Amino acid sequence: MAYWLMKSEPDCFSIDDLARRPKKTSGWDGVRNYQVRNMFRDQMKAGDKAFFYHSSCAEPGVVGIMRIVSGAYPDPTQFDPAADHYDPKSTRENPRWLQVDVQFEKKLTKPVTLATLRAHAAKLKGMLLLAPGSRLSVTPVRPEHWDYVLNLAGE
DNA sequence: GCCAACGTTGGC
DNA sequence: GCCAACGTTGGC
């Protein structure tokens with residue numbers, strides 16, 4: 001089983017939004033980055049776990065845990081002209097963008113802010129989230145980093 | 001295939 | 001709102 005960190009802007013889709021969905025499950029749609037697409041396709045598997053990370057907000061950080069509950073499949077929003085992430089160059093015969101389904105597992109009682117993560121940068125060396133200039137919305141997390149962050153959260 | 005222009009991300 | 005970093009696009 002692999003571990004991941006997945007970013008979302010809470011104004012757009014928050015951990016609470018996920019928890020309120022039927023079966024606490026949602027497609028992680030809107031990804032329009034080839035590296036992330038390839039990770040979905042080649043590496044992410046149902047049963048993997050992921051940190052839910054709130055970005056572009058007052059207090060960015062890890063706020064919860066979710067489980068990957070599907071393999072990669074075409075993101076329907078790419079075909080929808082009314083959707084924000086509509087891609088006119090993508091076709092149903094040859095879809096360009098993929099998504100996975102994620103299920104809410106728990107909300108951290110004590111979120112781990114980006115500032116806290118940075119304060120522990122020495123222990124989290126190699127974590128892509130903290131790498132300068134790293135902007136990927138989905139990144140792999142090493143098991144030791146996963147455990148360390150959970151400790152920071154008091155879990 | 002190069003590379004400049006442009007768009008996006010995301011912390012601050 | 002600013003800006004640095006990075007990805008994508010498209011002309012050549």
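Proteins come first, then strands; the chains are lettered A, B, ... in the order of their sequence lines, and each starts at number 1. Fair warning: this is a prediction, and the values are worked out from it, not measured in the lab.
- Going from atom CG of A/L114 over to atom P of B/dG10 covers 11 Å, rounded to whole Å.
- For A/M6 and B/dT9, the CE to C1' distance is 17 Å, given to the nearest whole Å.
- Atom NZ in A/K89 sits about 12 Å away from atom P in C/dT8, given to the nearest Å.
- Evaluation of atom-type donor-acceptor distances gives no pair under 3.5 Å for the side chain of A/R32 against the base of B/dT8.
- Checking B/dC12, B/dG10, C/dT9 against every side-chain atom of A/R135, the shortest atom distance belongs to B/dG10.
- Checked against salt bridge (Lys or Arg N to Asp or Glu O under 4.0 Å), A/R96 has the following partners two or more places apart in sequence or in another chain: A/D87.
- Here the side chains of A/L5 and A/L129 are in contact, with some heavy-atom distance below 4.5 Å.
- Here A/Q35 lies in heavy-atom contact (under 4.0 Å) with sugar-phosphate atoms only.
- Per the geometry, CG belonging to A/L130 stands 11 Å off P belonging to B/dG11, to the nearest Å.
- Atom CE of A/M39 and atom P of C/dG7 are 11 Å apart (whole Å).
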Using a cut-off of under 3.5 Å, enumerate the N/O to N/O pairs linking the protein to nucleotides 3-5 of chain B.
none

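- A donor-acceptor contact shorter than 3.5 Å links the side chain of A/Q78 to the backbone of A/W97.
- Side chain of A/R96, nearest nucleotide from B/dG10, B/dC12, C/dT9: C/dT9.
- OP1 and OP2 of B/dT9 both lie 4.0 Å or more from every side-chain N or O belonging to A/K7.
- Residue A/L136 contributes atom CG, which lies 11 Å from atom C1' of B/dT9 at whole-angstrom precision.
- Between the side chains of A/S90 and A/R32, no donor N or O sits under 3.5 Å from an acceptor N or O.
- Remark: C1' of C/dG7 and OH of A/Y34 are 10 Å apart, rounded to the nearest angstrom.
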One pair to check against salt bridge (charged side-chain N to carboxylate O under 4.0 Å, His left out): A/K107 and A/D16. What are the steps and the verdict? CA-CA 8 Å; A/K107 200 169 159 179; A/D16 293 321; 2.8 Å; yes
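- The shortest distance between the side-chain N/O atoms of A/R37 and the OP1/OP2 oxygens of C/dT8 is not below 4.0 Å.
- Summarising the geometry, the separation between CG on A/D11 and P on B/dG11 is reported as 13 Å, rounded to the nearest angstrom.
- Between A/R20 and A/D17 a salt bridge is recorded (basic side-chain N to carboxylate O distance below 4.0 Å).
- Between A/L136 and A/Q35 there is a side-chain heavy-atom pair separated by less than 4.5 Å.
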